[in-house]
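Each chain gets a letter, A, B and so on, in the order the sequences are listed, and its residues count up from 1.
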Amino acid sequence: MTTFDTFDTVIRLVYLAVACCFVLGLHLMNSPVTARRGNLLSAGAMTVAIAATAVVLAGAETVRPGAWAALATGSLLGAAAGLLLARRVRMTAMPQLVSLFNAVGGGAAALIGVHDFAGRGASLPVVLDVLIGAVTFSGSLVAAGKLQGLLPGRPIIFPGSRLIATVLALAVAASSAALLAGRGGAPALAVLGVAALISGVTLVAPIGGADMPVVISLLNAFTGTAVAMAGFALGNGVLITAGALVGASGTILTKLMADAMNRPLRSILAGGFGTGDEAKPAG
Amino acid sequence: MSVQLLADLSVFVLSLLLGFEVIGRVPTTLHTPLMSAANAVHGIVLAGALAIALTAEGVLGYALVFVTAAFAAMNVVGGYVVTDRMLEMFRPRKGER
């Protein structure tokens with residue numbers, strides 16, 4: 001039985017406390033009175049988790065200067081962009097912004113999978129991480145584009161969409177199988193990534209703009225699951241807990257939102273009919 | 001199955017069950033803020049971006065760390081700030097009640 005030294009023990013206990021705060025924070029969102037407190041608790045816990053991880057990084061002494069520079073500039077740029085967008089956006093434009101943040105979250109999870117693949121080769125968590133992360137990245141961008149009016153809000157139906165879906169599913173299955181069998185290498189990962197990115201587009205494009213909030217919630221749950229898979233790949237417990245928490249609560253929330261709109265989730269995802277968008281006269 | 005994988009799997013499954021239960025009573029008005037709050041929570045992927053910097057080397061590795069960190073930081077900072085802005089609307093104003 002391996003035991004951790006004091007430093008590792010403290011870090012892992014901090015991660016446990018952080019995970020508890022995420023659960024409590026989400027639970028406090030059940031009531032308008034406590035919701036803001038819940039979000040602040042969650043944000044505080046997030047700050048602690050990032051700080052603790054930074055301490056681990058600083059203590060490791062193996063991190064190359066180039067990696068530090070890339071990490072620092074990337075984080076600062078991303079944080080500044082996120083802060084600016086979140087502050088400036090109009091209240092009515094918030095759902096598409098959430099979708100954009102969800103897209104980059106999924107993208108980050110997929111890239112962690114790519115990094116892990118480059119270092120240690122393929123594993124089931126890596127394959128799932130790249131697959132789900134890439135689907136949610138492109139899917140959330142399409143959802144945000146529809147709400148922002150950059151893409152038409154009406155359902156976009158491709159000719160031969162069934163055939164495209166079949167080809168994509170085959171490409172995903174074949175590349176995943178090759179990766180898990182230890183063959184294929186980088187080209188197989190590229191096929192998986194590209195097929196997943198296209199799947200994200202073909203999944204969301206046929207769904208009408210009025211159903212987008214429900215779809216964004218579903219993609220949010222996807223990202224949570226991708227982050228949990230990244231946690232498996234990295235052996236990081238707090239990523240697994242937080243990711244699974246969002247994956248499950250996001251799924252329930254998706255169901256609640258669909259119920260509140262009186263729209264069965266299945267017909268939303270089938271897309272292309274029965275939406276408010278379609279009822280409008282053409283032209 | 002390694003001890004680590006079994007422990008990770010247990011945490012994963014129990015966290016899923018917890019996630020299914022934790023928001024059961026949320027009123028309709030809080031659906032969008034809750035979606036945004038959950039979106040911010042998976043910004044924990046930033047800790048993963050930090051973790052991959054541990055072993056990153058070469059220009060490609062650094063580029064990967066840069067993009068991952070930028071994406072994740074945008075998710076986490078923007079997510080919490082925009083959720084807070086949504087929830088500000090629920091704050092009772094002075095004089096009311």
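With respect to chain A, the highest number of heavy-atom pairs below 4.5 Å among B:G58, B:G19, B:A7 belongs to B:G19. Considering only heavy-atom pairs separated by less than 4.5 Å from chain B, the leading option among A:G107, A:A86, A:G243, A:G38 is A:A86. Between chain A and the options B:L87, B:V65, B:L64, B:N39, heavy-atom pairs under 4.5 Å are most frequent for B:N39. Looking only at heavy-atom pairs under 4.5 Å with chain B, the residue among A:G74, A:A233, A:A81, A:G82 that has the most is A:G74. Interface summary for chain A: among B:T68, B:L50, B:L34, B:T32, the most heavy-atom pairs under 4.5 angstrom belong to B:L50. Among B:V13, B:L17, B:L30, the residue making the largest number of heavy-atom pairs under 4.5 Å with chain A is B:L30. Contacts with chain A were tallied for B:E21, B:M86, B:Q4; B:M86 has the most, counting heavy-atom pairs under 4.5 Å. Between chain B and the options A:L71, A:L26, A:L77, heavy-atom pairs under 4.5 Å are most frequent for A:L71.
With a threshold of 4.5 angstrom between heavy atoms, A:V23 approaches chain B through its backbone and through its side chain. Only the side chain of A:M229 comes within contact range of chain B, with heavy atoms under 4.5 Å apart. B:V45 touches chain A through backbone and side chain together, each having a heavy atom under 4.5 Å away. At a 4.5 Å heavy-atom cutoff, the contact between A:L245 and chain B is made by backbone and side-chain atoms alike. The contact between A:P213 and chain B is made entirely by backbone atoms, counting heavy-atom distances below 4.5 Å. Heavy-atom distances place the side chain of A:L100, and not its backbone, under 4.5 Å from chain B. Within the 4.5 angstrom heavy-atom criterion, no atom of A:S99 approaches chain B. Contact of A:A54 with chain B is made through backbone and side chain together, with heavy-atom distances under 4.5 Å. For a residue to count as touching a neighbouring chain, one of its non-hydrogen atoms must lie under 4.5 Å from one of that chain's; by this rule A:I50 touches chain B with backbone and side chain alike. Residue A:R88 touches chain B through its backbone alone, counting heavy-atom pairs closer than 4.5 Å. When heavy atoms are compared at a cutoff of 4.5 Å, A:A230 does not approach chain B at all. For a residue to count as touching a neighbouring chain, one of its non-hydrogen atoms must lie under 4.5 Å from one of that chain's; by this rule A:L28 does not touch chain B. When heavy atoms are compared at a cutoff of 4.5 Å, B:L9 approaches chain A by way of both its backbone and its side chain. B:A40 touches chain A through its backbone: at least one of N, CA, C or O sits under 4.5 Å from a heavy atom, while the side chain does not.
Using a 4.5 Å heavy-atom cutoff, the side chains of A:V215 and A:L219 are in contact. Considering only heavy atoms from C-beta on, A:V227 comes within 4.5 Å of B:I44 through its side chain. Contact of the A:D116 side chain with the B:I52 side chain is not registered, since no non-hydrogen atoms from C-beta on lie closer than 4.5 Å. You'll find the side chain of A:F7 reaches within 4.5 Å of the side chain of A:V55, heavy atoms only.
At a threshold of 4.0 Å, the pair A:K255-A:D259 counts as salt-bridged, since one of the basic side-chain nitrogens sits closer than that to a carboxylate oxygen.
Under the 3.5 Å distance criterion, with hydrogens and angles disregarded, no donor-acceptor pair is assigned to the side chains of B:Y80 and B:S36.
Between A:F232 and B:F12, the ring planes lie perpendicular to each other; the angle is over 60°, past the 30° to 60° tilted range.
Side-chain atoms of A:N30 come within 3.5 Å of backbone atoms of B:V26 as a donor-acceptor pair (strictly under, hydrogens ignored).
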